[in-house]
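Basis for what follows: all heavy atoms, side chains included, without hydrogens, waters or symmetry-related copies. Predicted, not measured: the structure shown is a model, and the values here were computed from it. Residue numbers start from 1 in every chain, and the chains themselves are labelled A, B, ... in the order their sequence lines are given, proteins ahead of strands.
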Amino acid sequence: MTFLNLLTSLTMVSTESGLREIACTNDIAVIYGLQLSPEDAREIMIARETTLKDYGRIELDTSITDRIIRSICPSPYLQQREYAHTVMELHELFHYLKNELEDSVGDDELIAELTELYNTACRGDLELLKGRETERIIRRFRFGKEEEPDAKEEKESDLWG
Amino acid sequence: MGMMMQLNPDQLDVNQYTVSLMQEAFRVGLIPVGKVETLQGGIMESLKGLILMQTRENSVSIRVEQAERLLASLLYSVDLYLMDLGSPEAAAAAIAAMTAEDLQKAADKHLRQVVKRTRVRYTQIESQRMSLPNVVYSETFQLAIPKFLKGYDPIFAAQDAGSDMDYPLAFDDLSVQGIRYLRQYLQAFEVESRFVNCFDREDVLALITWNGRKHRINYELAPVNFYELVFGNALFAMLAGKPLWKTRLTPGESEALIIRLNSLDTNAVQGLLSINAAKLVEASRQETPEALAYLAQTAEALTARILQSWEHGNLDELILYEPVPETVCDEILVPGNKLPDDVFRFVYQTLLSQSQVEDKLRVMNRYVSTLDDFEDLLAAGCFEADEYPAVFGQLGDLELGTLLGKLLQREQLNGPKQLMALLQQVSLDGPDWIMMLCRWMEQLAPERTLELGERVCRLQQTEIV
């Protein structure tokens, strides 16, 4: 038992309960025709730990994954075949943005922002969300800049085809 | 019934006291493994609470470094509480008896009390501290400590220590963190301050000034521990037959002391030092065992230092005594107002018209009274190479010292013996007279160059202090 082991235990403790919590989200996801298998849940937990390690962060519990799932599953663009992958990608993007924005944005606000963009400007395109929209989020939160008019028009034309 | 194993204090780390104590208490069987896990879980719960408090419950995720800092802060207060229980056994008993939550609450309360008591102690010390003209000393107590106390964060950064307390103590443990560092610093300073206050302020001030001159440091700016200076010279003064609480020595008294000590053997010198240091410690009005221990530690360190210096024959380096007043010399050249240009041109022309060095010297003595004019005439090339020894030879120590000091410019002598070494490094690309002066100096007797070295040292000190 050392100082660092104590800290590591913070993330280790929650792994088993995390699997159970992810499984619980199926109660809601099933309404939208989505479901995570125990294998999916395990993959999500493994990806979570990798993300946390890569980004040098810790989570006190698995509630961020849980909230991402509950927030994204009503999306009309989310299909069962990419459900688990999308959850993992959003989780990683969440922590990337947390670091970039130096923790200045709360968890719920950031998850809501990502979900909103996924559903509107990106129409379920994860690459677009990870690229163009991520940069916009950073600019907006970091510098308080509103979107340029032409960008807004582009966004609207994206929406209405 | 088996023998109870003892806690091994060597296994305890003061900067990770709780964790190391839990390990050690578990090893000797004072706490069961289940208790260790419960405490660990409890500490993690406290950390979660702290993280949520810092993020205002907006986030359950933070950077690892930030979590480490918060955990360090949290454990710091527990460490402080357990250490202040007085013994590892008492601390282990507290760990065994208390829940993690109760331990944390007690630790937080204790930390707040320590901060409060430290503030009070600082105020008392500040009102009793001897006023002395030293920037490091003043700024430490008037700026750095109030700034630390004002900015100290016992919740999120309890382990942070102020970094601006630059006044050096005789004994200072820099590995100590947070408020413990300031508490320890003030405790030590209080002992030092009480001791220094036994002496007359003017005497202390004189010692600081003499120390500055002797070691060629600016006494108003240099970080010097006054307590050690006072303690050391009080000891020398006692050895020289002065009463307690006196520190002033004359050069003659210092020399007599050195001669007397040199006539004794090591045991006798050590005995004298120990007896007088003990008298000084005993006579000082320290009340607590810790304060007496601090003085005894000082006495021991100083005795060892003095003894070593005595063995190496450089006791004079340690004794502070009244500087010898500058004697009035019969030098003819002084720094000051230069000759008017037309007079200077006349002198220059006259010198050039003379063929004998004796005549040139007569002209110089008659018209030139400032060192600047003298230097300008040297630079103007009024003398032949074989005339320089006569020119330099008629200069007094003060004139030569000043001239050499100017030649060395910013090179500071660490001692009179260094003069010749530094002169060898002087660039000879300049005017001829510089090269000639260096050559002339090389031909002087060693005693004479040493005298001139001392003169340059004194002149440089006068400029610094």
Side-chain angles (χ1 to χ4, degrees), chain A residues 1-18 21 47-71 90-114 141, chain B residues 11-27 31-76 78-79 95 100 156 159 177:
Chain A
M1 181 178 57
T2 65
F3 183 83
L4 282 175
N5 286 346
L6 269 174
L7 196 59
T8 312
S9 70
L10 192 69
T11 49
M12 298 294 285
V13 164
S14 54
T15 308
E16 287 305 316
S17 63
E21 281 174 26
R48 171 184 175 272
E49 279 173 26
T50 308
T51 295
L52 290 175
K53 194 176 170 192
D54 289 350
Y55 288 90
R57 299 184 65 83
I58 59 161
E59 288 179 359
L60 300 180
D61 49 37
T62 52
S63 67
I64 288 171
T65 308
D66 183 72
R67 278 181 276 171
I68 287 173
I69 292 171
R70 290 175 193 280
S71 178
L90 286 175
H91 182 265
E92 183 179 352
L93 193 50
F94 172 89
H95 282 291
Y96 169 76
L97 284 166
K98 273 281 186 178
N99 276 357
E100 285 295 311
L101 298 170
E102 296 176 345
D103 291 298
S104 60
V105 185
D107 295 350
D108 287 339
E109 190 180 0
L110 191 54
I111 291 169
E113 184 73 17
L114 286 170
F141 281 112
Chain B
Q11 296 296 319
L12 304 179
D13 179 350
V14 288
N15 286 319
Q16 282 191 33
Y17 193 72
T18 307
V19 174
S20 61
L21 181 68
M22 276 163 68
Q23 280 177 319
E24 181 61 7
F26 172 66
R27 188 185 69 80
I31 54 172
V33 67
K35 181 71 183 181
V36 173
E37 285 166 0
T38 313
L39 281 171
Q40 193 175 335
I43 290 168
M44 286 303 103
E45 282 304 313
S46 299
L47 178 61
K48 282 183 185 179
L50 207 56
I51 291 171
L52 289 173
M53 192 197 285
Q54 196 179 49
T55 63
R56 295 186 180 85
E57 302 202 357
N58 276 330
S59 185
V60 293
S61 166
I62 58 168
R63 287 173 188 262
V64 170
E65 312 89 77
Q66 196 184 349
E68 280 174 347
R69 278 198 297 274
L70 291 175
L71 180 59
S73 177
L74 195 142
L75 285 172
Y76 178 87
V78 181
D79 284 356
I95 285 182
F156 297 122
Q159 74 280 21
Q177 300 173 318

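In this structure, E59(A) CD and K48(B) NZ are separated by 11.5 Å, a value rounded to the nearest 0.5 Å.
Side-chain atoms of T55(B) and D107(A), non-hydrogen and from C-beta on, never get closer than 4.5 Å to each other. Side-chain contact check for R67(A) versus V60(B): some heavy-atom pair is nearer than 4.5 Å. The shortest side-chain heavy-atom distance between D108(A) and N58(B) does not fall under the 4.5 Å cut-off.
Contact of Q66(B) with chain A is made through the side chain alone, with heavy-atom distances under 4.5 Å.
No donor-acceptor distance shorter than 3.5 angstrom exists from the side chain of R63(B) to the backbone of G56(A), with no hydrogens or angles considered.
Applying the 6.0 Å contact sphere to CD of E65(B) captures more than 12 heavy atoms from other residues, nucleotides or ligands.
No other option in I64(A), V105(A), N99(A) has as many heavy-atom pairs under 4.5 Å with chain B as N99(A).
For the side-chain contact (heavy atoms from CB on, under 4.5 Å) criterion with L60(A), the lone passing option out of L47(B), I62(B), I51(B) is I51(B).
Closest approach of S61(B) to H95(A), counting heavy atoms only: OG-CE1, 3.0 Å.
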